[in-house]
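Here is the structure we will look at, set down as structure tokens.
Just so we're on the same page: letters track the sequence lines, and every chain starts at 1. Only heavy atoms go into these numbers, but all of them, side chains included; no hydrogens, no water, no symmetry mates.
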There are 2 protein chains.
Amino acid sequence: MIILDLKDARPLYEQVVDRFKHLILCGVLQEDEKLPSVRNLAMELSINPNTIQKAFTELEREGFIYSVKGRGNFVASNGILIEHKKKELEQQIEELVKEAEGIGMSIEDIIEFLTKLK
Amino acid sequence: MIILDLKDARPLYEQVVDRFKHLILCGVLQEDEKLPSVRNLAMELSINPNTIQKAFTELEREGFIYSVKGRGNFVASNGILIEHKKKELEQQIEELVKEAEGIGMSIEDIIEFLTKLK
DNA sequence: TAAGTGTACTAATAGTAGTAATACAGTTGA
DNA sequence: TCAACTGTATTACTACTATTAGTACACTTA
């Protein structure tokens, strides 16, 4: 299900995160489907369970999965995932607006720039 | 002119960068005014010249100052500074838009969100 | 050309990120 | 209830990177 590339310079947990993101976004893993357990997957990949745990924690932080103690990790609903990402983006936008105002660029200026992008 | 806080966890060069940013943005340092030399300031603060050099390189990268080999570092014109920051922001906005489109959020949606911020 | 200036290279060190070993804690089903 | 599964927290080892410094080079100006 998940394949690691040990020659890849990227950290193992990051590779795991990206693989699962892909599987979820492409619909291979369906809503509420159970992910392999931390231990199983770690054994299968011959790495430490904590590395998988770190990957799952990150996936949860980004809204891709949810985790239930003692039961397992599960694919989050598409709605929740998108809602999560939307909030993240809105936060980023707010920070950007603050910075922009610091150099005398108003929200209107930003909207004007966005309009040109269309 | 510049004061360091050795108890501060932040790196020395970063403290120097922030101090100068403040001095420039508040107009204490005027356009084309010469900054203290790398060696002088280093001696005054009892740190290594390379640390000041690193701070100045960062300030130049962000458009706050410009540097002339053999002559010194000088405060950039306000216009250039703002232009520089504006381009940086616009780049960030473009990246944000791409991400937003990835989750089905259009430029119009972003504009709507911005409008509510006003 | 001396005395100032910025810059590049290298190295020592401290801090952090990645991974692992291990122990703790919740859930489930025979 | 308890064994066997599940996620989680704590700690520690290690490799990498960031920070700082030592030193040498290169340009500018009077």
Side-chain angles (χ1 to χ4, degrees), chain A residues 1-21 23-24 29 32-76 80, chain B residues 1-21 23-24 29 32-76 80:
Chain A
M1 179 179 229
I2 297 290
I3 301 167
L4 291 182
D5 180 5
L6 295 174
K7 284 169 289 181
D8 194 332
R10 295 184 322 158
L12 300 175
Y13 84 93
E14 201 177 301
Q15 292 185 43
V16 174
V17 166
D18 287 352
R19 292 273 182 180
F20 275 112
K21 275 190 191 174
L23 290 174
I24 292 171
L29 289 173
D32 292 322
E33 190 172 339
K34 191 175 176 302
L35 272 61
S37 85
V38 168
R39 274 163 243 257
N40 263 351
L41 188 54
M43 187 138 18
E44 190 181 317
L45 299 176
S46 309
I47 61 175
N48 192 281
N50 274 328
T51 305
I52 304 296
Q53 173 61 26
K54 181 160 188 177
F56 283 6
T57 302
E58 175 62 17
L59 284 166
E60 189 177 24
R61 198 190 64 77
E62 292 188 45
F64 283 86
I65 66 175
Y66 62 93
S67 130
V68 186
K69 209 170 177 176
R71 293 195 52 221
N73 288 275
F74 305 87
V75 177
I80 290 178
Chain B
M1 181 179 227
I2 297 290
I3 300 166
L4 290 182
D5 180 4
L6 294 174
K7 284 168 290 182
D8 193 333
R10 294 184 323 159
L12 301 175
Y13 83 93
E14 200 177 302
Q15 293 184 42
V16 174
V17 166
D18 288 351
R19 293 274 181 178
F20 275 110
K21 275 189 191 174
L23 290 175
I24 291 171
L29 289 174
D32 292 320
E33 191 173 337
K34 190 175 176 302
L35 271 62
S37 85
V38 167
R39 274 162 242 256
N40 263 351
L41 187 53
M43 187 140 13
E44 190 180 317
L45 298 175
S46 308
I47 62 176
N48 192 283
N50 274 327
T51 305
I52 304 296
Q53 173 61 25
K54 181 162 188 175
F56 283 5
T57 302
E58 174 63 16
L59 284 167
E60 189 177 24
R61 198 191 63 78
E62 293 188 45
F64 283 86
I65 65 174
Y66 62 92
S67 132
V68 186
K69 208 169 179 179
R71 292 194 52 219
N73 287 275
F74 305 85
V75 177
I80 289 178

Passing option when B/Ile2 is tested against B/Ile52, B/Leu45, B/Leu35, B/Asp18 for side chain to side chain contact (heavy atoms under 4.5 Å, CB included) =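 Result for side chain to side chain contact (heavy atoms under 4.5 Å, CB included) with B/Ile2: B/Leu45.
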In whole angstrom, what separates [X]'s [atom1] from [N]'s [atom2]?
| X | N | atom1 | atom2 | result |
| --- | --- | --- | --- | --- |
| A/Glu60 | D/dA9 | CD | P | 10 Å |
| A/Gln15 | C/dT19 | CD | C1' | 13 Å |
| B/Met43 | D/dA21 | CE | P | 14 Å |
| A/Lys54 | D/dT10 | NZ | P | 16 Å |
| B/Arg71 | C/dT5 | CZ | P | 12 Å |
| A/Ile52 | C/dA20 | CD1 | C1' | 12 Å |
| A/Asn50 | C/dC24 | CG | P | 15 Å |
| B/Lys69 | C/dG6 | NZ | P | 12 Å |

ask   = Say you draw a straight line from CZ of A/Arg39 to CE of A/Met43; how long is it, rounded to the nearest 0.5 Å?
value =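 So the CZ of A/Arg39 and the CE of A/Met43 are separated by 9.0 Å.
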The single option from B/Tyr66, B/Phe56, B/Phe20, B/Phe64 passing ring-ring contact (aromatic ring centres under 6.0 Å, His included) against B/Phe74 =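 Single ring-ring contact (aromatic ring centres under 6.0 Å, His included) partner of B/Phe74 among B/Tyr66, B/Phe56, B/Phe20, B/Phe64: B/Tyr66.
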ask   = So what does A/Tyr13 touch, heavy atoms closer than 4.0 Å: a base, only the sugar-phosphate, or nothing?
value =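 Touches sugar-phosphate only.
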request  = Pick base, sugar-phosphate or nothing for A/Gln53, based on heavy-atom distances below 4.0 Å to the nucleic acid.
outcome  =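 Contact class for A/Gln53: base.
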key: Closest-nucleotide ordering on DNA chain C, the 5'-leading residue of B/Ser67 and A/Ser46   =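 Nearest nucleotide further toward 5': that of B/Ser67.
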message = Does a side-chain N or O of B/Asn73 approach OP1 or OP2 of C/dT5 to a distance below 4.0 Å, or not?
response =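 Answer is no, no contact under 4.0 Å.
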query = So, is A/Asn40 close to the D/dT6 phosphate, meaning a side-chain N or O under 4.0 Å from OP1 or OP2?
reply =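 True: A/Asn40 side-chain N/O within range (under 4.0 Å) of D/dT6 OP1/OP2.
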key: Side chain of B/Ile47 - closest among D/dA21, C/dG6, D/dG7   =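 Nearest to the side-chain atoms of B/Ile47, counting from C-beta on, is D/dA21.
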Closest to side chain of A/Thr51, choosing from C/dT5, C/dT19, D/dA21 =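 The answer is C/dT19.
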message = Could you check whether any side-chain N or O of B/Gln15 sits under 3.5 Å from a backbone N or O of B/Asp5, counting only pairs where one atom can act as donor and the other as acceptor?
response =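 Judged by distance alone, yes, a pair lies under 3.5 Å.
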task = Looking only at non-hydrogen atoms, find the nearest pair between A/Ala76 and A/Gly63 and report the distance.
result =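 In terms of heavy atoms, the two residues are closest at CB-O, 3.4 Å.
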query = With no angle test and no hydrogens, is the base of D/dG7 tied to the side chain of A/Arg39 by a donor-acceptor pair under 3.5 Å?
reply =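 Indeed, a donor on one side and an acceptor on the other fall under 3.5 Å apart.
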